[in-house]
Amino acid sequence: MNRAKRERIMARLAERDPDPTTELHYDTPFQLLIAVILSAQSTDRGVNAATAGLFPAAPDAESMLALGVEGVKEYIRTLGLFNNKARNVIETCHMLVERHCGEVPRQRAALEALPGVGRKTANVILNTAFGEPTIAVDTHIFRVANRTGFAPGKNVRAVEDHLVKVMPKAYLRHAHHWLILHGRYVCTARKPRCAECRIHDLCEYPDKTA
DNA sequence: ATCCCGAGGG
DNA sequence: CCCTCTGGAT
């Protein structure tokens, strides 16, 4: 795919939602960090349902530690992988308090050192909490990048590098959310809504519904 | 490559 | 039933 076509694709995705953001509910960088840790292999709706109970009970790292692993589990049992997530949430809070004064660090290395935080989660925090031009490649963006031909790659890291390399700079800051929202609501995994897609004419995926 | 693992959709 | 959902650690 050439640069001009990528420009047109991003212009159309931006047109639909000029100022996109996450659909996860949060008030502070700390809450965003916890919500993103919980979001692994789960829907944002499910995460919001869980944090609606969790955050009032534990709005910051210190109060989360007071809940403990079993306490956190009570709120997130409706999410998949909840045993791992509860353990990681508490371990992450320990590290935030001991090494970062209870705050969320702004450095990638410090973020990725937190249990349950890998490159994807770190990229979301850097972009959404701190405004950096990172692109977190999740299941949606991996699919959209490959399916459309915008930035194909064999694994998530290859797709991320490809996206950062070819993304028009004007769109880099919000590219993550434009792509993810398109993947979530239009370019869905099972039955993509090609008939309703605003970049249908620019996409390299053969429309099975046509 | 494999395990972790609940809820919703088709 | 099977697949998917803003993955990470081993």
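Being a predicted model, the structure only gives us computed values, none of them experimental. We use all heavy atoms of the structure for the numbers below, so side chains are in, but hydrogens, waters and symmetry mates are not. Naming convention: chains lettered A, B, ... in sequence-line order (proteins, then strands); numbering from 1 in each chain.
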Worksheet item: To the nearest Å, how far apart are A:Asn83 CG and C:dG8 C1'?
Response: 15 Å
Discussion item. From the set C:dG8, B:dC4, C:dT6, return the single nucleotide nearest to any side-chain atom of A:Val124.
Written reply: C:dT6
Discussion item. Taking donor-acceptor contacts at under 3.5 Å, does the side chain of A:Thr22 reach the base of C:dT6?
Written reply: yes
Worksheet item: Are OP1 or OP2 of B:dC5 and a side-chain N or O of A:Gln41 less than 4.0 angstrom apart?
Response: no
Worksheet item: What's the CZ-C1' distance between A:Arg190 and C:dC3, to the nearest Å?
Response: 4 Å
Discussion item. Whole angstroms only, please: what is the CG-C1' distance between A:Asn123 and C:dG7?
Written reply: 13 Å
Worksheet item: Between A:Arg108 and A:Asn123, does any side-chain donor sit less than 3.5 Å from a side-chain acceptor?
Response: yes
Worksheet item: Nearest-Å distance, CG (A:Leu114) to P (C:dG7)?
Response: 18 Å
Item to complete: Please measure how far the P atom in C:dT6 lies from the corresponding atom in B:dG10, and state the result in whole Å.
Response: 14 Å
Fill in: Heavy-atom neighbours of A:Arg106 CZ exceed 12 at 6.0 Å
no
Discussion item. In this structure, how many angstroms lie between the P atom of B:dG9 and the OH atom of A:Tyr185, rounded?
Written reply: 13 Å
Worksheet item: Which comes earlier along DNA chain C counting from the 5' end, the contact point of A:Ser42 or that of A:Gly116, where each point is its nearest nucleotide?
Response: A:Ser42
Worksheet item: Taking CG from A:Leu33 and P from C:dG8, how many angstroms apart are they, rounded to a whole number?
Response: 11 Å
Fill in: 5′-ward residue of the pair A:Ala113/A:His177 relative to DNA chain C
A:His177
Worksheet item: Salt bridge or not for A:Arg12 and A:Glu15, using N-O below 4.0 Å?
Response: no
Discussion item. Less than 4.0 angstrom between a side-chain N/O of A:Arg184 and OP1 or OP2 of C:dT6, yes or no?
Written reply: yes
Discussion item. Is A:Thr139 close enough to C:dC5 that one of its side-chain N or O atoms is under 4.0 Å from OP1 or OP2 there?
Written reply: yes
Discussion item. Counting only side-chain nitrogens and oxygens, does A:His176 get under 4.0 Å of the OP1 or OP2 atom of C:dT6?
Written reply: no
Worksheet item: What pairs of residues pass the side-chain hydrogen bond (donor to acceptor under 3.5 Å, both in side chains) test when at least one of them lies in residues 144-157 of chain A, not counting sequence neighbours?
Response: A:Arg157-A:Asp161
Practice prompt. Between A:Arg45 and A:Asn84, name the one whose nearest nucleotide on DNA chain B is closer to the 5' end.
Written response: A:Asn84
Item to complete: Answer with base, sugar-phosphate or nothing: what part of the nucleic acid does A:Ala189 contact at a heavy-atom distance below 4.0 Å?
Response: sugar-phosphate
Item to complete: Specify the separation, in whole Å, of atom NZ of A:Lys85 and atom C1' of B:dG6.
Response: 9 Å
Item to complete: Nearest whole angstrom, please: distance from the C1' of C:dT6 to the CD1 of A:Ile34.
Response: 16 Å
Worksheet item: Taking the side chain of A:Thr78 as heavy atoms from C-beta outward, which of C:dG7, B:dA7, C:dC5 is closest to it?
Response: B:dA7
Discussion item. Base, sugar-phosphate or nothing for A:Arg77? Non-hydrogen atoms, less than 4.0 Å.
Written reply: sugar-phosphate
Considering only distance and modelled atom types, tabulate donor-acceptor pairs under 3.5 Å from the side chains of residues 42-49 of chain A, sequence neighbours left out.
from	atom 1	to	atom 2	distance (Å)
A:Ser42	OG	A:Ala40	O	3.1
A:Ser42	OG	A:Lys85	NZ	3.0
A:Thr43	OG1	A:Gly46	N	3.1
A:Asp44	OD2	A:Arg184	NH1	3.1
A:Asn48	OD1	A:His25	N	2.8
A:Asn48	ND2	A:Glu23	O	3.0
A:Asn48	ND2	A:Asp44	O	3.3

Worksheet item: Which value, in whole Å, describes the distance between the P atoms of nucleotides B:dA7 and C:dG8?
Response: 22 Å
Worksheet, complete the sentence: Correct closest heavy-atom pair for A:His174 and A:Asp19 would be CE1-OD1, 4.0 Å
Discussion item. Just to be sure I understand the rule, does A:Arg87 reach a base, reach only the sugar-phosphate, or reach nothing, if contact means heavy atoms closer than 4.0 Å?
Written reply: nothing
Discussion item. Please give the distance between the C1' atoms of B:dC4 and C:dC1 as a whole number of Å.
Written reply: 22 Å
Discussion item. Considering every strand and a 4.0 Å limit on heavy-atom distances, what is the contact class for A:Val117: base, sugar-phosphate, or nothing?
Written reply: sugar-phosphate
